[in-house]
Amino acid sequence: MKDNPLSDGLVPDGGWGWMVVLGVALTNIFNQSLISIFGLLFSQQLEELGQTTTGVALVMNVNSIVSNSSGFIIGPAIKTFSPRRVAIFGSLLTGTGLILSSQSRTLWQILISYGGIVGFGLGLLNPSTFMAVNSYFSRKRGQAVGLALAGTGIGQMIMPQIVRYLLDEYGYRGAVLIVGALSFHGIVGASLFQPVEWHSYHSNNSEEYEKLLDSDSPKHPKLPPETVMGKLKRSMDLHLLKDFSFLNIGFGVALAYTSSINFSMIFPYFLQ
């Protein structure tokens with residue numbers, strides 16, 4: 001396997017990378033903050049549908065399951081399409097799911113629109129934004145990631161105030177519709193995720209390095225084409241499922257994560 005010259009200290013470690021950080025923060029403000037405002041945004045509609053906390057928890061857990069299950073395909077998707085395209089598609093899904101939720105009349109419609117579509121969109125956004133920041137930074141990576149994540153904190157502070165105002169002025173359907181439109185701001189943020197090669201100070205040297213590797217690499221006999229199942233197994237690294245320690249840690253983290261997400265999403269529902 002060829003070494004990427006950009007991973008050997010040739011990343012910009014700044015420059016346009018700070019615009020990428022700004023884009024990630026903008027995306028997080030209007031998308032990642034959706035988890036904390038679920039109870040505030042949907043409590044009125046779920047109450048009108050006669051749903052108790054059981055229905056609320058069902059929607060939240062479907063969203064969490066879909067969001068985290070997207071990890072099985074996010075790696076190959078980023079390699080194939082780039083973090084920018086994946087993040088743009090994730091923002092489109094999130095905004096579209098919220099707009100569909102604003103027209104929901106039954107619980108199963110909310111399950112599909114918010115639990116499924118929004119959950120999948122959020123699942124695409126988180127890894128793609130991290131990948132975009134990491135590709136631009138090496139020594140300053142911690143600082144860059146911290147500033148990018150600050151967008152989530154800012155969103156969790158201002159979005160409840162915005163949602164409260166929208167509910168008072170426009171009611172449930174208008175509020176969810178506008179929040180869905182705000183989620184499309186993630187497309188603007190993701191548009192800043194330009195390929196790192198465009199801003200590398202050693203892009204020409206990197207191209208020469210790749211050509212040198214091609215010329216010096218030994219010629220191997222042509223192998224038969226890899227099957228679809230073989231590609232899927234290689235991309236997902238399924239042999240980890242045979243490791244008991246990995247399964248034990250994964251199960252424990254899943255329980256802790258689900259509990260914290262349920263608390264943060266259902267708490268505003270009780271406050272009302």
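For the residue pair A25 and L147, the shortest heavy atom distance occurs at CB-O, 4.3 Å. Minimum heavy-atom separation, T129 to N126: OG1-O, 2.8 Å. When every heavy atom of N28 is checked against every heavy atom of A148, the shortest pair comes out as ND2-O, 3.2 Å. For the pair L98 and L34, the tightest heavy-atom approach, listed with the atom from each and the gap, is CD1-CD1, 3.8 Å. G180 and I99 get closest at one heavy-atom pair: CA-CG1, 4.4 Å. The two residues G155 and P160 come nearest to each other via the heavy atoms O-CD, 3.8 Å.
Annotation: side chain of N63 is not in contact with side chain of M60 (no heavy-atom distance under 4.5 Å). Side-chain contact check for F184 versus T96: some heavy-atom pair is nearer than 4.5 Å. With a 4.5 Å cut-off on side-chain heavy atoms, K140 and W18 count as touching. Using a 4.5 Å heavy-atom cutoff, the side chains of L124 and T94 are not in contact. Side-chain contact between V62 and I112 is absent, with no heavy atoms from C-beta onward closer than 4.5 Å. Side-chain contact check for L166 versus L41: every heavy-atom pair is 4.5 Å or farther apart.
Note: the hydrophobic cluster containing F81 does not contain I88 (ILVMFWY, side chain heavy atoms under 4.5 Å, direct or indirect links). Note: the hydrophobic cluster containing F130 also contains F193 (ILVMFWY, side chain heavy atoms under 4.5 Å, direct or indirect links). One hydrophobic cluster, built from ILVMFWY side chains closer than 4.5 Å, cannot hold both L26 and I187; they sit in different ones. Hydrophobic clustering keeps L100 apart from L92 (ILVMFWY residues linked when any side-chain heavy atoms are closer than 4.5 Å, directly or through intermediates). In this structure, V21 is a member of the same hydrophobic cluster as L192, with clusters built from ILVMFWY side-chain heavy atoms closer than 4.5 Å.
Of the possible polar contacts, one joining the S104 side chain to the S101 backbone as a donor-acceptor pair under 3.5 Å is found. A donor-acceptor pair under 3.5 Å links the side-chain atoms of S128 to the main chain of L125, judged by distance alone.
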(message) Would N134 and V145 count as a side chain to side chain contact (heavy atoms under 4.5 Å, CB included) here? Give the steps.
(response) CA-CA 8 Å; N134 288 340; V145 171; 3.9 Å; yes
(request) Would you sort out whether L111 and T106 count as a side chain to side chain contact (heavy atoms under 4.5 Å, CB included), showing the intermediate values? (result) CA-CA 9 Å; L111 282 173; T106 60; over 6 Å; no
(message) Set out, in order, the CA-CA distance, both residues' side-chain angles and the distance that settles side chain to side chain contact (heavy atoms under 4.5 Å, CB included) for Q161 and I158, then state yes or no.
(response) CA-CA 5 Å; Q161 312 304 322; I158 66 173; 5.6 Å; no
(message) If you apply the rule side chain to side chain contact (heavy atoms under 4.5 Å, CB included), what do you find for Q45 with R173, and how did you get there?
(response) CA-CA 9 Å; Q45 177 67 3; R173 301 194 186 282; 3.7 Å; yes
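Atom-to-atom distance recorded for N31:CG and L122:CG is 6.5 Å, nearest 0.5 angstrom.
Contacts classified as salt bridge (Lys or Arg N to Asp or Glu O under 4.0 Å) and involving residues 64-87 (residues at least two apart or in different chains) are not found. Legend: ring pair (Phe, Tyr, Trp, His ring centres under 6.0 Å) pairs involving residues 159-179, not counting sequence neighbours, sorted by first then second residue: F42-Y172.
Applying the 6.0 Å contact sphere to CE of M159 captures more than 12 heavy atoms from other residues, nucleotides or ligands.
A distance below 6.0 Å separates the ring centres of Y114 and F38.
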